[in-house]
Amino acid sequence: TRVIRAEPDPRRARMLQRQHVSDSSVTILPVAVAETAGPARLRRFNLSPATSFRAPTGLASLFPGLCETGQAEVETQTVAAVVQEADLDREADNVLILGLAGEELAVIGQLADLGLLQRFTHVIVPLPRLPLYEGSGDGREIRTRLEEAGFRVESRDMSDPDLGGAHHRAQWAARGTEENPIRDRAP
């Protein structure tokens, strides 16, 4: 198993790199994955999983005490660049886990449009009831975009109905076939 994690928060990236320094199967990329590449302002909140490039709109209504605790200038890469740099094995059972606080729909769309989403057999992603950040999508939009790319919900975690999540599996994998005509012709 190979793990490649992009970590936008410089402090957390350094901590993760120290933790995994002797594990060659884990690569920590000290970059943020975003819709566009370049410098960006990462917003930190008193709810650390809420860290995002985007203003918290729906999230602020769910957590009225949410407040920004700081900002960091970070370098971003597009998800396409990260996937291509990772040089994923097209025959492997690759898993994409998205924890990008407001970037999920944009990242899925970018991967699908470039034919790179088909390099993954599984996608695990939050499915919020409403858009949590300015310009982000809700769970229905995210699920629809994945379905258009050939993924179906394998399991759901709706323990929090506002902040649910799901594991999506590629249809060709769910049918038990190794053939993936979309992935086989992907760049």
Side-chain angles (χ1 to χ4, degrees), residues 1-9 12-13 15-16 19-20 25-29 32-35 42-67 79 82-83 86 88 92-112 116-176 180 182-183:
T1 301
R2 185 168 168 229
V3 176
I4 300 164
R5 176 174 176 170
E7 175 53 55
D9 189 318
R12 188 159 170 77
M15 178 193 71
L16 290 167
Q19 283 178 344
H20 298 285
S25 69
V26 176
T27 303
I28 305 299
L29 302 175
V33 176
E35 200 167 356
L42 186 67
R43 299 166 170 217
R44 292 188 183 115
F45 297 95
N46 57 338
L47 179 63
S48 61
T51 297
S52 180
F53 298 114
R54 300 174 187 252
T57 51
L59 191 66
S61 68
L62 292 176
F63 296 98
L66 185 72
C67 62
V79 70
V82 171
V83 168
L88 298 173
D93 208 20
N94 297 313
V95 179
L96 175 64
I97 301 173
L98 293 174
L100 305 168
E103 300 297 318
E104 299 89 357
L105 187 60
V107 165
I108 289 167
Q110 188 178 78
L111 286 173
L116 296 172
L117 191 56
Q118 306 313 326
R119 293 191 184 179
F120 297 94
T121 308
H122 306 271
V123 177
I124 299 170
V125 63
L127 295 176
R129 182 178 55 80
L130 52 99
L132 300 178
Y133 297 89
E134 187 177 276
S136 69
D138 64 18
R140 185 180 41 230
E141 292 172 286
I142 294 167
R143 188 180 62 245
T144 298
R145 189 66 165 118
L146 284 166
E147 287 172 353
E148 290 169 351
F151 289 81
R152 294 291 178 259
V153 172
E154 176 97 350
S155 64
R156 296 176 197 251
D157 175 4
M158 298 306 287
S159 54
D160 182 334
D162 292 319
L163 301 172
H167 166 203
H168 293 77
R169 187 170 184 192
Q171 286 183 297
W172 61 90
R175 289 191 302 260
N180 172 356
I182 299 170
R183 180 174 60 191

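Note that the coordinates shown come from a computational prediction; the quantities given were computed from them, not determined experimentally. Both backbone and side-chain heavy atoms feed into the values below; hydrogens, waters and symmetry mates do not.
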(message) Listing request: all side-chain hydrogen bond (donor to acceptor under 3.5 Å, both in side chains) pairs with a residue in residues 126-135, at least two apart in sequence or in separate chains.
(response) Arg129-Asp162

(request) State whether the number of non-hydrogen atoms from other residues, nucleotides or ligands found under 6.0 Å of Arg152 atom CZ is greater than 12. (result) yes

(request) Give the intermediate values and the outcome of side chain to side chain contact (heavy atoms under 4.5 Å, CB included) for residues Glu147 and His168. (result) CA-CA 9 Å; Glu147 287 172 353; His168 293 77; 5.7 Å; no

(request) Dump the intermediate steps for side chain to side chain contact (heavy atoms under 4.5 Å, CB included) on Val95 and Phe120, then the final yes or no. (result) CA-CA 6 Å; Val95 179; Phe120 297 94; 5.8 Å; no

(request) Enter the distance from Arg156:CZ to Arg143:CZ here, rounded to the nearest 0.5 Å. (result) 5.5 Å

(message) In the structure I gave you, are the side-chain heavy atoms of Leu163 and Leu132 within less than 4.5 Å of one another anywhere?
(response) yes

(request) For residues Ser159 and Asp157, report the shortest heavy-atom separation together with the two atoms involved. (result) OG-OD1, 2.7 Å

(request) Identify the two heavy atoms, one from Glu141 and one from Ser136, that lie closest to each other, and give their separation to 0.1 Å. (result) OE1-O, 4.5 Å

(request) Apply the test side chain to side chain contact (heavy atoms under 4.5 Å, CB included) to residues Val33 and Glu103: give CA-CA distance (whole Å), side-chain angles for both, the deciding distance (0.1 Å), then the verdict. (result) CA-CA 8 Å; Val33 176; Glu103 300 297 318; over 6 Å; no

(request) Look only at the side chain of Asp93 and the backbone of Thr121, and say whether a donor-acceptor pair between them is shorter than 3.5 Å. (result) no

(request) Search all heavy atoms of Leu66 against all heavy atoms of Ala50 and return the closest pair with its distance. (result) CD1-CB, 4.3 Å

(request) Answer yes or no: is there a donor N or O on one side and an acceptor on the other, between the side chain of Arg54 and the main chain of Gly102, under 3.5 Å? (result) yes

(message) For Leu116, is there any backbone N or O sitting under 3.5 Å from a side-chain donor or acceptor partner on Gln118?
(response) no

(message) Nearest 0.5 angstrom please: Leu29 CG to Glu7 CD, how far?
(response) 10.5 Å

(request) Would you mind telling me which of Asn94, Leu111, Val107 makes a side chain to side chain contact (heavy atoms under 4.5 Å, CB included) with Val83? (result) Leu111

(message) Quick check: closest heavy atoms across Phe151 and Val123, and the distance to 0.1 Å?
(response) CE2-CG2, 3.8 Å

(request) Could you grab the distance from atom CG of Leu16 to atom CZ of Arg5, nearest 0.5 Å is fine? (result) 5.0 Å

(request) State, yes or no, whether a side-chain contact exists between Leu146 and Leu117 at a heavy-atom distance under 4.5 Å. (result) yes

(request) Verify, without hydrogens or angle tests, whether Glu104 (side chain) and Val125 (backbone) share a donor-acceptor contact under 3.5 angstrom. (result) no

(request) For residues Ser52 and Ala101, report the shortest heavy-atom separation together with the two atoms involved. (result) OG-O, 2.6 Å

(request) Write down the atom of Pro56, the atom of Arg43, and the distance for their closest heavy-atom approach. (result) CD-NH1, 4.1 Å

(message) Less than 4.5 Å apart, side chain to side chain, heavy atoms only: is that true for Ile142 and Leu98?
(response) no

